[in-house]
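Note sheet for the following structure.
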Amino acid sequence: MPNAHTISGQQFIGGQRRASGEAELVSLRADNGQPTGHRFFSASIAETAAAADAAALAFTAYSQLSAERRADFLEAIAEQLDALDEEFFTFAMQETALPLARLNGERARTSGQMRLFATLLRRGDVHAVRIDSALPQRTPLPRPDLRQYRTALGPVAVFGASNFPLAFSTAGGDTAAALAAGCPVVFKAHSGHMITAELTAQAIERAREQQQIPAGVFNMIYGDRIGAELIQHPAIQAVGFTGSLRGGRALFDLAMRRPHPIPVFAEMSSINPLIIMPQALAQRGQQIARDLVASFTLGCGQFCTKPGLIIGQRGEAFSQFIRELTERVNAAAPQPMLNAGTLAHYRSGLAALDQHQGIRHLAGDPEDRPHLAAPQLYQADSHLLLSGDPLLLEEVFGPAAIVVTVENHQQLTAVLESLQGQLTATLLTDADDLADAAPLAQLLTRKAGRVLFNGYPTGVEVCDAMVHGGPYPATTDTRGTSVGTLAIERFLRPVCLQNYPAALLPPPLQDSNPLGLLRLVNGIYTRDPIHSPASN
């Protein structure tokens with residue numbers, strides 16, 4: 001089992017540990033900024049290239065493993081994650097200031113999504129097989145035998161997120177999806193939780209060795225300034241990122257400037273508007289106020305789906321609701337944030353709101369407390385949204401929310417039209433609100449990757465139907481998701497085999513359908529074998 005003496009702080013490259021120079025990266029406690037006692041080596045340019053080369057070397061063999069073998073690997077990783085011991089959680093709590101219950105739940109989600117992707121692989125729909133059999137007698141031109149399936153894109157660079165040290169980090173959703181797709185991973189560890197990343201990487205490597213998976217399928221490097229070198233390495237074929245708009249856009253721009261550009265799947269910035277319809281407010285205003293404050297302060301507001309913009313129509317009920325929100329925010333306790341950098345960015349965001357003439361501070365302790373963030377509530381004029389004021393459209397990462405009052409339904413529609421792309425958008429309604437809410441919901445499907453009725457967006461279920469994505473600037477590619485089984489499609493590409501010799505066809509495309517897949521054959525979905533032989 002992992003213990004303090006196994007933390008070397010070196011890079012994971014091709015199944016080996018490597019380091020050069022001095023161990024200058026210091027692991028810090030999130031609650032007081034003090035060192036944990038462990039240091040890490042920043043990857044050199046040569047080591048970064050070596051990690052990418054190791055992934056490239058492993059790609060052919062790993063991508064050609066059967067879906068069953070990859071599923072076994074993912075399940076082995078899940079078992080190793082579930083076996084992480086008390087010492088692992090002690091370090092994780094020190095580095096993130098997250099409570100044990102939250103980390104235990106996140107560990108379960110992380111191993112659970114590994115198992116979910118294993119289930120997807122065994123189910124077989126990941127191959128997305130389409131077959132159009134040869135029609136040699138067709139006039140005026142014959143049709144060749146055409147068979148399409150999806151294959152792995154290539155080595156993937158994944159950047160760890162600070163706010164989910166397990167579920168969006170070393171063994172998180174991007175890593176799980178890439179490995180499931182048959183893509184080796186080079187993971188760039190987040191500097192805010194390097195011990196947590198180290199012990200998680202060891203768990204992945206134990207599973208890899210146990211399952212006799214090729215070395216180099218998983219690699220991990222440390223350092224704050226090696227991301228650019230990593231994504232510009234010619235072996236890297238895609239990027240997964242969760243973080244700030246500035247960071248995600250910088251990686252995207254670098255990837256587009258490569259001689260051979262590659263896709264960047266970056267989940268970045270979202271203010272997640274929440275609209276309270278009049279009848280819902282009249283029926284349960286106090287309950288909404290209580291639940292809403294709990295949602296935007298959950299985890300100290302460090303969820304990318306935090307509802308940061310609260311919109312309602314002018315009237316006494318909404319005024320009373322704002323008073324209720326104010327009381328609850330004033331009563332909310334300050335909490336530690338994930339690291340000093342996150343706290344500094346939160347305070348910088350609040351300072352910008354405080355200095356804006358069209359935004360008024362309503363509630364929250366204004367006093368800076370060392371290593372703690374107090375929840376804050378602001379109110380802004382609706383005309384700031386209608387005019388596209390950039391400050392109001394920017395995410396403040398932390399326990400802060402902005403209330404906007406609109407005059408009527410027409411202005412509400414105009415305000416929602418003015419919004420940028422979002423991860424989520426929420427409508428709180430009563431039965432009598434549905435006629436007015438219906439066109440708003442349709443509008444919001446153009447703005448967000450997930451539209452909710454009568455819930456709060458801070459819970460993201462890991463399942464087949466989930467979409468954790470959205471139009472820019474929520475993500476750089478609105479067609480995908482970073483949560484749920486659809487995430488695997490980011491790391492696959494379609495290939496068509498024309499008049500391929502039957503003896504060389506991969507199992508998903510063979511006439512006999514040995515995997516028992518549901519395939520689109522000549523325009524009909526079927527699991528039946530094809531009785532006419534493939535062209536030779």
Side-chain angles (χ1 to χ4, degrees), residues 269-278 280-281 285-286 288-298 300-302 306-335 337 343-369 372-420 422 425-426 428 456:
S269 177
S270 184
I271 56 176
N272 304 303
L274 182 144
I275 300 95
I276 309 172
M277 299 299 287
L281 187 63
Q286 285 190 337
I288 291 172
R290 180 183 69 245
D291 294 345
L292 183 52
V293 172
S295 180
F296 79 74
T297 62
L298 181 67
C300 203
Q302 297 169 115
K306 176 203 75 177
L309 183 67
I310 304 162
I311 305 172
Q313 293 186 40
R314 186 177 303 281
E316 178 53 34
F318 195 57
S319 296
Q320 177 57 38
F321 170 77
I322 294 173
R323 290 192 289 269
E324 184 79 19
L325 277 183
T326 298
E327 292 177 9
R328 291 185 177 278
V329 170
N330 280 330
Q335 302 175 57
M337 297 197 83
L343 179 59
H345 282 116
Y346 177 59
R347 290 177 174 167
S348 175
L350 297 182
L353 294 176
D354 289 331
Q355 293 165 13
H356 195 294
Q357 292 185 348
I359 300 175
R360 181 165 64 97
H361 182 258
L362 291 181
D365 186 350
E367 182 180 346
D368 285 347
R369 299 171 184 266
L372 294 176
Q376 304 291 333
L377 184 67
Y378 291 85
Q379 187 167 25
D381 192 296
S382 60
H383 293 291
L384 295 179
L385 278 176
L386 292 170
S387 65
D389 189 293
L391 185 60
L392 210 58
L393 300 175
E394 292 178 9
E395 177 186 25
V396 176
F397 192 69
I402 300 173
V403 177
V404 170
T405 303
V406 295
E407 297 299 327
N408 48 45
H409 187 79
Q410 182 180 6
Q411 190 178 67
L412 173 59
T413 302
V415 162
L416 298 183
E417 285 280 10
S418 72
L419 294 177
Q420 301 180 106
Q422 307 292 330
T426 302
L428 300 184
Y456 295 89

Heavy-atom pair of closest approach, residues Leu393 and Gly388: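 Looking at all heavy atoms of both residues, the closest pair is CD1-O, 4.1 Å.
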Heavy-atom pair with the smallest gap, counting every atom of Val403 and Phe318: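 What the structure gives for the nearest pair is CG1-CZ, 3.7 Å.
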Is the shortest side-chain heavy-atom distance between [X] and [Y] below 4.5 Å?
X	Y	answer
Gln411	His383	yes
Ile402	Ile271	no
Phe321	Leu292	yes
Phe296	Asn272	no
Pro273	Leu419	yes

Using modelled atom types and a 3.5 Å cut-off, is there a donor and acceptor pairing between side-chain atoms of [X] and backbone atoms of [Y]?
X	Y	result
Ser295	Asp291	no
Tyr346	Ala374	yes
Lys306	Ala400	yes

Over 12 non-hydrogen atoms of neighbours within 6.0 angstrom of CD in Gln357: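 For Gln357, atom CD is not crowded (no more than 12 foreign heavy atoms under 6.0 Å).
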Ser387 side chain to Asp389 side chain, donor-acceptor N/O pair below 3.5 angstrom: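 Judged by distance alone, the side chains do not pair up.
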